[in-house]
Amino acid sequence: MITFDNVSKEYPDGTAAVRDLNLTIQPGEFFVVIGPSGCGKTTMLKMINRLIRLTKGTILIDNKRISDYKIDELRWNIGYVLQQIALFPHMTILENISIVPELKGWDKEKIGRRVDELLEMVGLDPKTYRDRKPKELSGGQQQRVGVVRALAADPDIILMDEPFSALDPISREKLQEDLFTLQRNIKKTIVFVTHDMKEAIKLGDRICVMNEGSIVQVGTPKDLLENP
Ligand code: ADP
Ligand code: ADP
């Protein structure tokens with residue numbers, strides 16, 4: 001469970017990016033944050049894994065303040081997928097995905113099994129792709145690897161910042177469907193940022209609408225469609 005208790009973020013230049021957020025995200029929930037560019041979505045995400053400091057308030061994960069976790073413990077338990085996935089170009093797909101599981105001390109065999117299973121789930125044949133370098137994959141395939149990398153070490157939480165917005169419409173739709181199915185199977189907590197309402201409605205258990213750093217509305221897709 002992720003709890004925002006009166007959280008605000010002001011950047012050093014005085015920009016109030018996020019104001020007095022109060023919010024609870026349930027375990028296993030697919031939680032979508034939507035709003036126009038600059039409304040504070042990325043700031044909100046980055047505060048959860050402590051890439052950005054809070055100015056005010058508290059964020060709790062499973063009722064423990066994020067500041068009370070060791071940073072490794074926190075980051076290893078939170079997968080992170082960005083709009084433009086940055087895989088290490090000199091490393092193979094397998095090596096890229098294995099970074100956090102290795103840090104966690106998993107043995108090679110366990111990592112191999114896990115990676116193959118996840119590649120399979122996102123529609124990449126492990127035998128074909130495991131030993132390739134990132135540049136031998138299309139943008140959509142690299143983005144799939146990004147999702148696998150975020151899931152590899154079995155985190156409880158996955159943060160996704162417009163993970164599909166750089167893709168062509170067909171790859172995007174396919175990946176949305178795959179992620180939807182994947183989420184319903186693995187039941188991880190996902191916080192997913194987008195500015196695309198269609199995507200939000202398709203994926204979210206609940207949708208949080210933001211504007212100028214504040215929450216405007218939180219509800220199920222049905223709530224939002226009935227009371228826009
Ligand atoms: P979104 O993800 O919704 O596009 P952001 O969280 O990136 O919004 O940004 C929220 C606001 O904070 C915007 O006005 C943005 O310009 C500002 N902002 C983001 N990062 C910084 C920063 N490092 N320094 C100053 N202002 C920032
Ligand atoms: P987004 O895809 O969320 O709109 P941006 O292109 O706004 O991302 O921002 C990219 C990066 O630049 C982010 O890490 C954000 O924190 C930072 N950033 C955004 N706005 C500002 C700003 N006004 N000053 C400094 N850094 C910023």
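What's counted below: heavy atoms across the whole structure, side chains too, no hydrogens, waters or symmetry copies. Just so it is clear, the model here is predicted, and its values are computed rather than measured. Atoms within a ligand are numbered from 1 in the order they appear, just like the ligands themselves.
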Given that the side chain starts at C-beta and the backbone is N, CA, C, O, which of these parts of [X] lies under 4.0 Å from ligand 1, counting heavy atoms, or is it both or neither?
X     : value
Thr43 : both
Thr42 : both
Pro12 : neither

Closest approach of Ser98 to Ile111 (non-hydrogen atoms, all atoms of both residues)
OG-CG2, 3.4 Å
Evaluate side-chain hydrogen bond (donor to acceptor under 3.5 Å, both in side chains) for Asp13 paired with Thr15, printing each intermediate quantity in order.
CA-CA 6 Å; Asp13 68 357; Thr15 307; 2.8 Å; yes
Check: Cys39 N/O within less than 3.5 Å of ligand 1 N/O
yes
With a cut-off of 4.0 Å, which atoms of ligand 1 are near a heavy atom of [X]?
X     : result
Ala17 : 10 (C), 11 (C), 12 (O)
Pro36 : 3 (O)
Ser37 : 4 (O)
Lys41 : 1 (P), 2 (O), 3 (O), 4 (O), 6 (O), 8 (O)

Straight-line distance of Arg144 CZ to Leu179 CG, nearest 0.5 Å:
10.0 Å
Hey, which of Ile2, Val32, Ile78 is the one that makes side-chain contact (heavy atoms from CB on, under 4.5 Å) with Val191?
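When side-chain contact (heavy atoms from CB on, under 4.5 Å) is applied between Val191 and each of Ile2, Val32, Ile78, only Ile2 qualifies.
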Any side-chain donor near an acceptor of the partner, Glu10 and Thr55, under 3.5 Å
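Short answer, no.
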Say whether Asp178 and Thr181, considering side chains only, have a donor N or O and an acceptor N or O under 3.5 Å apart.
no
